[in-house]
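Proteins get letters first, then strands, A, B, ... in listed order; numbering begins at 1 in each.
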Number of protein chains: 2
Amino acid sequence: MLCLISDKTLARRASGSPGHFFGDAVREGCCQSTSPVIGWTGNSSRGMNSLLDAERLAVMQSVFSCSDDAAAALGAAVRELSVPAKGVVARQGDLAHHCWLVVDGVAQAQINGPDGQLILLASYGPGELFGSYPGPAALRTDFVAMGALTLFSIKTTVLADLARSNADVGHGLSVLLARQLDTLLDRMAARTTLSATGRVYAELLRLAGDSNRIEPPPVLSALALTVHTTRETASRAIANLVRRGIVRRTDAVLEITAPRLLAELIA
Amino acid sequence: MLCLISDKTLARRASGSPGHFFGDAVREGCCQSTSPVIGWTGNSSRGMNSLLDAERLAVMQSVFSCSDDAAAALGAAVRELSVPAKGVVARQGDLAHHCWLVVDGVAQAQINGPDGQLILLASYGPGELFGSYPGPAALRTDFVAMGALTLFSIKTTVLADLARSNADVGHGLSVLLARQLDTLLDRMAARTTLSATGRVYAELLRLAGDSNRIEPPPVLSALALTVHTTRETASRAIANLVRRGIVRRTDAVLEITAPRLLAELIA
DNA sequence: CGCGTCTTTGAGAGGATTCAACGTGTGTGG
DNA sequence: CCACACACGTTGAATCCTCTCAAAGACGCG
């Protein structure tokens with residue numbers, strides 16, 4: 001029997017759930033900016049659903065690296081929010097009056113191209129912020145959870161006011177945004193300079209990091225989406241690498257045996 | 001005799017200079033975010049080379065919408081800088097310790113793809129900021145002036161300190177960055193969802209604005225670069241529109257006669 | 001087991017770049 | 001003043017990359 005899944009279904013699915021890989025991957029990736037990551041990086045192993053006030057403050061402090069009272073002010077303005085896997089935080093076209101701060105999990109900004117194709121624009125990991133900031137605005141993307149997601153939501157106006165009145169908040173915000181700008185520029189550069197296979201290769205290197213291993217091995221359909229290509233292309237690209245002995249792949253791990261060579265191939 | 005210019009040469013050239021169109025175009029385009037532009041928008045008609053202190057303060061205030069003393073602090077930390085057309089502000093790979101605030105003119109972030117092809121990642125108009133912000137960092141793009149350009153340069157560390165100590169600065173910075181993030185997302189969306197001709201059409205609409213006229217008519221090679229395609233493709237796309245009577249083109253102006261129809265074609 | 005998902009491979013189609021050629025306008029230098 | 005180089009635009013043909021379509025196998029799960 002043939003495979004009848006339309007790409008649309010696949011796309012919708014792949015951005016969701018089950019592989020733990022994707023979550024980890026994106027979480028790892030979303031903060032690969034030049035500046036070091038803030039000390040705190042979400043903690044999905046905690047079993048509880050709601051954060052204690054103290055934790056909330058700690059979160060604020062580590063995200064904004066701010067004083068106690070600033071954290072308190074933020075904590076008070078914030079509302080905790082849980083979104084199930086595949087849940088939609090906000091829809092394209094909505095007039096948003098909020099920002100969302102990712103506490104745990106990963107949120108993705110995606111667009112449905114006119115042909116129904118789903119396109120990934122950005123992903124937000126723990127400590128990152130999305131929504132409408134300088135003022136309320138219509139959203140140009142959907143924001144969906146790709147795994148269980150816990151957020152802090154805060155009114156745009158309140159956040160702006162806080163930023164204006166409290167230096168720590170403003171500064172923290174600017175750092176947050178600068179980092180996002182940075183990674184977005186990277187992604188943009190990759191998308192426009194590299195060929196489809198090149199983007200796949202680059203993503204492999206990024207996911208592998210210094211250890212040159214991806215464990216568990218990546219789900220190709222998901223990887224394809226993040227670099228804006230098709231599973232077929234990704235599959236072919238990687239098959240090529242395996243054939244040439246540049247990467248080795250087992251059920252448990254994908255290992256890059258010749259990272260230098262792979263890096264050369266990208267250019 | 002044939003034309004022997006390699007594409008590389010062309011690319012290098014086109015990003016420069018002579019057509020006044022390109023400068024205006026980008027200047028118009030770089031602030032098309034949802035939030036209204038700050039009240040002040042550069043003034044190239046002023047004949048002098050150096051800004052008075054008072055003007056400098058005014059610039060700061062309108063960019064950061066901040067108090068007098070914050071503006072004074074910024075003004076003191078800043079060094080004025082003039083870059084000639086085609087001049088390079090900073091090079092890819094440089095370890096930058098500065099941020100630059102565009103006072104007048106347009107700066108572009110560009111990358112040379114491995115094949116020597118020049119690619120435009122972003123452009124910064126008056127009131128926009130680029131460089132390394134949260135901390136010193138290696139630049140991933142060249143920054144070049146595309147027309148006479150005057151900048152304020154400020155040490156990254158100084159700016160960060162100011163942001164942390166002065167709420168107005170931090171807030172202003174966050175607004176600046178949020179706006180850039182916004183437009184970058186837009187650009188990204190356009191680049192990934194649209195076809196090459198679609199991007200050309202979209203750019204036409206954007207340049208034309210409400211008046212539906214582009215005056216003087218766009219330099220195709222430059223337009224092609226901004227939407228990341230070739231002059232040939234751009235030329236074909238527009239020739240098509242002209243043939244179908246959707247736009248009219250003379251030496252002096254390009255006019256969109258059927259903006260609705262054109263908008264339809266983009267999707 | 002049937003179903004859905006993921007992967008892989010081949011073949012075909014389409015879009016966009018590349019190459020080639022030519023016309024035009026502009027500025028430079030002999 | 002006249003080449004000449006250079007930039008820009010236009011058009012056609014060839015080429016290549018990438019997506020789409022089609023088919024089939026593997027795995028996990030209710």
Interatomic distance where [atom1] belongs to [X] and [atom2] belongs to [N] [whole Å]:
{"X": "B/Lys86", "N": "D/dC6", "atom1": "NZ", "atom2": "C1'", "value": "12 Å"}
{"X": "B/Leu225", "N": "D/dA7", "atom1": "CG", "atom2": "C1'", "value": "13 Å"}
{"X": "A/Arg236", "N": "C/dG12", "atom1": "CZ", "atom2": "P", "value": "13 Å"}

Q: Would you please name every residue forming a side chain to side chain contact (heavy atoms under 4.5 Å, CB included) with B/Ala122, sequence neighbours left out?
A: B/Ala109, B/Tyr124
Q: Could you list the residues that satisfy side chain to side chain contact (heavy atoms under 4.5 Å, CB included) with A/Ala148, not counting sequence neighbours?
A: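 Not a single residue meets the side chain to side chain contact (heavy atoms under 4.5 Å, CB included) criterion with A/Ala148.
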Q.
List the residues meeting salt bridge (charged side-chain N to carboxylate O under 4.0 Å, His left out) with B/Arg213, not counting sequence neighbours, and say none if there are none.
A.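 If we apply the salt bridge (charged side-chain N to carboxylate O under 4.0 Å, His left out) test to B/Arg213, skipping adjacent residues, the hits are B/Glu215.
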Are any of [X]'s side-chain N or O atoms less than 4.0 Å away from OP1 or OP2 of [N]?
{"X": "B/Ser195", "N": "C/dA16", "answer": "yes"}
{"X": "B/Thr233", "N": "C/dT17", "answer": "yes"}
{"X": "A/Arg243", "N": "C/dT8", "answer": "no"}
{"X": "A/Arg199", "N": "D/dT18", "answer": "no"}

Q: Establish whether the base of D/dC8 is bridged to the side chain of B/Glu232 by a donor-acceptor pair shorter than 3.5 Å.
A: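 No pair found.
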Q: Can you check whether any acceptor in the base of D/dT20 is under 3.5 Å from a donor in the side chain of A/Arg231, or vice versa?
A: no
**Q.** Proximal nucleotide (of D/dT18, C/dA16, C/dT8) relative to the A/Thr197 side chain
**A.**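 That would be D/dT18.
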Q) Is there any salt bridge (charged side-chain N to carboxylate O under 4.0 Å, His left out) pair reaching into residues 255-267 of chain B, and which pairs are they, with sequence neighbours excluded? A) B/Arg248-B/Glu255
(Q) Using C1' atoms of five pairs at each end, report the bend of the helix from C/dC1-D/dG30 to C/dG30-D/dC1 rounded to 10 degrees. (A)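 About 30° separates the two local helix axes.
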Please enumerate all protein N or O atoms sitting under 3.5 Å from an N or O of nucleotides 26-30 of chain D, with distances to 0.1 Å.
none

